[in-house]
Structures are given as C-alpha cells and as structure tokens.
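What follows is a set of notes on a single structure, which appears directly below.
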Amino acid sequence: MRIFLSFFILLIAFTSLDAQVRFVATADAKEIIKGGYLEVTFTLENASGTQFKPPAFKDFKVAGGPSTSQSTSWVNGKSTSSIGYTYTLLANKLGTLTIGPASIKVRNKTMNTRPIQVKVLKGKKAANGAVTNIEDQVFIRAEPNVNEARIGQQILLDYKLYTVINIESYNIVSEPEYDGFYAQNISRFDGRIVKEVINGVQYSTKILRRVALYPQQAGLMTIDPMSSRLGVVDETKPKQRRSFFFNKNLKQFNVNTQLLKINVKPLPDNAPATFSGAVGNYGMTAQIDKNKLTTDDAITLQVTITGNGDIKRLQPPKLNLDANLEVYEPNLLDEKEVEQNGQNYGQKILEYLILPKEPGRYRIAPEFTYFDTDSLSYRTLQPRVFNVFVSKGTGKSNVNTDLADDDQLMGDIKFIKTDGNLKKAGRYFYGSIFFWILLTLPLCLLGGVVAKKQMDANKPIVDQTLLKSQQAQKHAEEKLATAKKYLNENNGRSFYDEVSRAMFGYVGDKLNMPPSEFSKQNISEKLASLNVNQDHISKFTEIIKTAEMALFAGMDNNDSMSKVYSDALDVVARIEGSLTE
C-alpha cells in the first residue's frame, strides 16, 4: 500500500513541475513616433496570481486598459495556461522611454517582469495634397540575423512585411533556390504585428516566413530576391459594391525583396584533434552503465549532444582512452531536429562499447570540441570524468565481440550474455496485500463510475448548445458594450478587437461553430443555408474584414469606429430576427 501511494504522490509532483511558471512583459512596438500608440501586455503563465500591480507608466499616458485575456492549451500531453493584462499607452515625449516592471504575487512569492525600452522618434510630416503610390507604402525585406557567418553555422533569414495600408491578400510567387546553403523552413516563430519607424514613418511589420540556412561552402554567397504578390484596397478608385467572390476595388501587384549577400568564412586552421565539425552553440552530457566490472564485462558509454548548428555535419567525438581499454565505433541511437525559440536545434545520441583488457583503475573522460560562433573560437566540452575499477575476471567473456561488430551495422541488436544464474520464482507477489489491492481496484473504479452515471441521470438535462444559441445576441451586445467604452476612449486597437470577438462569438454561439471553422467563407455559407438575407450576410462579413484590417494597420478614426459599432449592433439584431422567425 505504501508503494502504491508513493507512486501517485510522485506522479502528481512530476505533473505540477511539467509547466514552467513565468511572468513576462511584451510590447507591440520597438519604435513609435511621438503621439503614437503602443500596447504592452503583462502575461503570467502556468499559475494563478493575486495583487497584480502595473508600472507607473511615468513616461506615457494610459489611453486604455487594463483589458484581461485568458487562454489554456494542451499540446503533446502538456497543459499550459496564461492570463494577460494589456494597456494601451500614448507616447508624448521623444527619446528612449522605459516601461518599468510589473509585479504579481504567486504562492506567497512576488514575481516581477523585466523593464521594456521603446524608442519614440519624431514623425515625418506628409506634404499637403501629396499622393502616395500604393507601392511606396508597402514593401518586403529579406533580413538575416547575421551578414557574416562560418561554414555550417545556422543563419535565420526573415522575410518581413512593412506596411502603412491594409493588406487584403498575400501570396509567394517565387522563392530563391538558396544555392550553396542547406535550407529548412521554420514554422514556429514570433509572428506578432510590431510597429517600427523608418525615416520618420511608422510601419506595421510582420514576419511572413523564416528560413534556417546552413552555408556549405566559403565565399561571398548570393541569395536571389523572393517575389510576392500583394492585394490591397485601392482607395483612389471610386468605391464599388463588393461581390460575393471578389472585391472590385482590390489592386494586386508584385513586390520583390532585395538581392542579399552573405559573407561565409572558412573555419580557422588551428582546430584541435578532437574537433567534431560542429559549428554553433552546443551542449553535451554523458553517462555509463557501470563503474565496477571485471575483464569479462564491457562498459556502455552514452553521449548526448545538442546544439543549433547543422547536426548532420557533426562527427562522433573520439575517445582518448588508455591502451588497455578497447573501444568500438559508436552506434547512433537517435538523431533529430526540433524547433525552439524560433530556430532549429539538433540532437544526436551515441553509444560506445568499451572493453577492458587488463584489471586496474581507469579514467574515462569523453570530450567534444566545436567551433563557438559567439566567441569565434574552438571550445572543448568535458561534462564528466568517470573513474572505473576493473577486477580480474574468469577469462570467459560475457561479451560476444562478433555480435559487437555486427551491432555497428544493425544498430539494434544488443550483446547477449552466454551464462547466467536462473532460479525458481517465489510467491512473494502472488497473494500479497499489494496483489489484492490491484485486484480489487478495478472493481472499486467501476462502482464509482456506475454511481456517477446514476447521479447524472437524476439531474435535470440542460441543452447547453440551445442555451448558448438563445443567449448569443445578449453575449454579443455585452462585448459591443465593452467596445463602446474603447470607442469613447478613442482606443482603436481594443475597440476593433472587441468588435471582432463579438461577431465571431455570435456566430459561434448561434450556429454552434467551433473556432477552427471561423472564416468569412464558412460563416457566409452557413448563414445562407439558413435563409438569412444576403445583404445582412455581406454586412456581417464586411464588419469582420474591417476589424481584421484595422487590427493589422492600427486604424483609429473615430468616425469610422462609430459607424462600425452601429452597423455591428444593427446587423446582429437583423440576423437574430431572421433566425428566430
């Protein structure tokens, strides 16, 4: 019984340690112009907190907030949760301004965020009556994290969109071949919209694609431009009625990134004998299966190497051992690549077989040398030194060296001992207290399930889907009421965020649609199938599109916001009337 309880205590302990508690601050702008707005969010992850205290915001004026948001996800058996507090700030002075730390109490411990610095620059005044071409207001740049690298070093190349207008559509027409590089797309990166200032103009920026490049040769390497096709609403044309399939005011044009050159240098000539060919930042761990044995036995040494370079170029490190220790070529147990923190990381697990020839005390110190791209020098890792004691055996080896040779080819056949001591199993487990506990536990669980079902059967049945549908309009109007507060504060981003939540929340509740199906096309088809007036459908999806574009480009025109608010209230009421007739 004590073993059984200990198991569950350990299980609960490991589950609670699975998710890391963090309290971080993020801003949607690195640079803004004077008089511009930015949003800062303080997020507590994987914990519940009390006594949240924001910074003083002494260099800013608080234009809105705090608005709170919560999320929970379950990925690969791991649960993560977060709660965020968002403020909208107005920058009214020039210079590098600091947003101080926020604090929150978690389990009687106070946690603080790190300060954030934002540059406030002087904006560029547009000439009166000047007409700016659409092509001058939006462009895409190819931005590598380094312009000079070494062979095998990971280079992160971002294709970043800069715009001051609404982007309706985006499509890659052609992508470079990346000659001289091994290229791999990164799917997990920070894709948030961030404000940046260039030549006095504030742009909304977003990383559209990230590629990890590993140069395979030295020299001045050239990356050809990427060609993309953008669709924007041409405000210079007279407004036309939008059809169900396309927008007649939509203007499409191609944009190309600049020609990119990266200087790839060879590695220095002073590489030590233990150099493995790895370039980047690496770590290494090692372990052995035993440190006391006889000359009849063998030692298994397992080495794990992780890093952000090209893991395929990495050669197994050599072991400099005493002549009385014979080592076989290592067996590759595992090799894989994962994405973490917006870049690629690789891992290799190697297994060495070491056979002692003579008794004695031996020292096993595995070493791994790589070229460190931070210090631009070779670095040798020696995680552990193992002291091994070998006594004299019987002369009859427990290791089949023929099988050891075959193991280098097959990789999954382990060594077989040729002798062993067998004994008849006792009756310690059968008939013990632990045996009877395990035997009766399923019956107890079954009884609990039956009792729970009986209790549920006696409860009144409430159709949650019907209840949500009946209250859909009420919930939408509550969200729109919150949006009205942001409208009065002239807080465009928070206003359009609430409008978007209200519209999607309404169709989700009313039509029992999961968030995975939230698209303008699906919503239009679903409402049309329920005989909702086509004009109401068009207005509903147009409001969603307006909110999406406003959130991307940072629109905060008060008159436009007032119209969107009144149109949203009207169209929800009209659709509700159509569906309840």
Side-chain angles (χ1 to χ4, degrees), residues 64 67 69 88 165-169 193 204 231-235 239-250 468-469 471-580:
S67 60
S69 59
T88 302
I165 57 178
N166 298 336
I167 303 300
E168 182 82 5
S169 63
I193 298 169
S204 294
V232 301
V233 176
D234 191 349
E235 302 292 348
K239 291 188 176 180
Q240 303 180 46
R241 179 181 178 84
R242 180 188 177 99
S243 71
F244 186 77
F245 296 101
F246 63 91
N247 188 345
K248 295 181 179 180
N249 284 344
L250 187 66
K468 288 174 64 177
S469 178
Q471 296 180 350
Q473 183 180 12
K474 176 184 175 183
H475 291 160
E477 290 174 346
E478 289 174 353
K479 291 183 174 67
L480 289 174
T482 304
K484 182 67 180 300
K485 295 179 183 179
Y486 293 124
L487 169 62
N488 296 334
E489 298 172 358
N490 199 31
N491 185 345
R493 177 169 289 278
S494 298
F495 168 78
Y496 284 110
D497 188 39
E498 286 299 327
V499 169
S500 179
R501 291 181 183 179
M503 306 308 279
F504 282 122
Y506 175 75
V507 294
D509 292 342
K510 195 68 184 177
L511 307 180
N512 192 28
M513 290 180 65
S516 60
E517 297 179 4
F518 282 176
S519 70
K520 294 188 285 292
Q521 182 70 23
N522 288 342
I523 292 171
S524 297
E525 292 175 354
K526 186 73 172 179
L527 291 174
S529 69
L530 298 174
N531 298 321
V532 175
N533 186 286
Q534 186 60 50
D535 289 339
H536 301 342
I537 297 174
S538 298
K539 180 180 282 190
F540 191 90
T541 55
E542 189 68 27
I543 290 171
I544 292 176
K545 190 193 77 170
T546 300
E548 289 175 346
M549 292 300 101
L551 286 170
F552 182 80
M555 294 165 50
D556 56 2
N557 182 280
N558 195 272
D559 292 337
S560 298
M561 291 160 59
S562 298
K563 185 176 186 308
V564 169
Y565 171 74
S566 59
D567 287 349
L569 279 176
D570 178 69
V571 75
V572 168
R574 290 181 182 275
I575 292 177
E576 182 72 18
S578 300
L579 295 176
T580 55

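Owing to the predicted nature of the structure, the values given are computational and were not obtained by experimental measurement.
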*What are the two closest heavy atoms between M561 and Y486, and how far apart are they?*
CE-O, 4.3 Å

*Rounded to the nearest 0.5 Å, what separation is found between the CG atom of L569 and the CD1 atom of I543?*
9.0 Å

*Is Q473 close to V572 at the side-chain level, that is, under 4.5 Å between some pair of heavy atoms?*
yes

_Between R574 and D535, does any NZ, NE, NH1 or NH2 come within less than 4.0 Å of an OD or OE carboxylate oxygen?_
no

*Are the side chains of S500 and I544 in touch, meaning some heavy atoms are under 4.5 Å apart?*
no

*Where do V499 and A483 come nearest, in terms of heavy atoms and distance?*
CG2-CB, 4.0 Å

*Output the distance between atom CG (L480) and atom CD (E478), rounded to the nearest 0.5 Å.*
10.5 Å

*S560 side chain reached by Y565 side chain, heavy atoms, under 4.5 Å*: no

_Minimum heavy-atom separation for R501 and S69, please, with both atom names._
NH2-CB, 4.4 Å

*Starting from the C-alpha separation in whole Å, work towards a yes-or-no answer on side chain to side chain contact (heavy atoms under 4.5 Å, CB included) for D570 and K539.*
CA-CA 10 Å; D570 178 69; K539 180 180 282 190; 3.7 Å; yes

*Of the non-hydrogen atoms in A502 and A476, which two are nearest, and what is the gap between them?*
CB-O, 3.8 Å

*asked:* Please find the pair of heavy atoms, one from A528 and one from I537, that lie closest to each other, and give the distance.
replied: N-CD1, 3.5 Å

*Can you tell which of N533, V532, L530 makes a side chain to side chain contact (heavy atoms under 4.5 Å, CB included) with I575?*
V532

*asked:* Please evaluate residues N490 and F495 with respect to the criterion side chain to side chain contact (heavy atoms under 4.5 Å, CB included), reporting the C-alpha separation (whole Å), side-chain torsions for both, the decisive distance (0.1 Å), and the verdict.
replied: CA-CA 8 Å; N490 199 31; F495 168 78; over 6 Å; no

*Under 3.5 Å, side chain of S566 to main-chain N/O of K563, donor-acceptor pair present?*
yes

*With Y506, which of H475, E477, E576 fulfils side chain to side chain contact (heavy atoms under 4.5 Å, CB included)?*
E576

*Under 3.5 Å, side chain of S538 to main-chain N/O of Q534, donor-acceptor pair present?*
yes

